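As the structure is a prediction and not an experimental result, all values here were calculated from the model. What's counted below: heavy atoms across the whole structure, side chains too, no hydrogens, waters or symmetry copies.
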Amino acid sequence: MGIIRSCFSFITGTVFGVYLAQNYKVPNIMKLADTAMDQAKQVEEKYRKSKKKGGHDDN
């Protein structure tokens with residue numbers, strides 16, 4: 001009885017997640033995360049300061 005009681009919320013969440021995934025259109029979280037990372041990299045590259053060729057930060 002102890003293992004069932006300690007894992008009840010995990011088992012319930014898993015069953016509920018499987019039900020949702022089978023019956024509703026649930027977005028792919030990994031695909032959304034990859035898209036967000038790609039967009040963040042593009043913004044970073046666009047607004048990144050250019051490096052000086054001399055290697056010194058003197059004015």
Side-chain angles (χ1 to χ4, degrees):
M1 251 342 238
I3 194 162
I4 294 173
R5 182 176 293 174
S6 64
C7 295
F8 179 74
S9 62
F10 177 74
I11 293 170
T12 304
T14 302
V15 170
F16 186 67
V18 168
Y19 172 78
L20 284 178
Q22 289 178 349
N23 294 311
Y24 295 97
K25 186 176 180 182
V26 181
N28 186 353
I29 301 299
M30 288 300 294
K31 184 177 179 182
L32 289 174
D34 287 340
T35 303
M37 288 298 295
D38 289 340
Q39 289 177 351
K41 286 179 184 178
Q42 288 175 356
V43 169
E44 179 186 0
E45 290 173 0
K46 182 177 180 181
Y47 293 106
R48 183 182 297 159
K49 293 183 180 178
S50 61
K51 295 181 181 180
K52 294 183 179 182
K53 292 185 179 184
H56 299 290
D57 289 337
D58 298 334
N59 290 331

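- When hydrophobic residues (I, L, V, M, F, W, Y) are linked wherever their side-chain heavy atoms come within less than 4.5 Å, the members clustered with V43 are Y47.
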Name every donor-acceptor pair, under 3.5 Å, that has one atom in a side chain of residues 13-23 and the other anywhere in the protein, sequence neighbours excluded.
unit_1 : atom_1 : unit_2 : atom_2 : d
T14    : OG1    : F10    : O      : 2.8
N23    : ND2    : Y19    : O      : 3.1

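- Among pairs with a residue in residues 24-44, those fulfilling side chain to side chain donor-acceptor pair (under 3.5 Å) read E44-R48, at least two apart in sequence or across chains.
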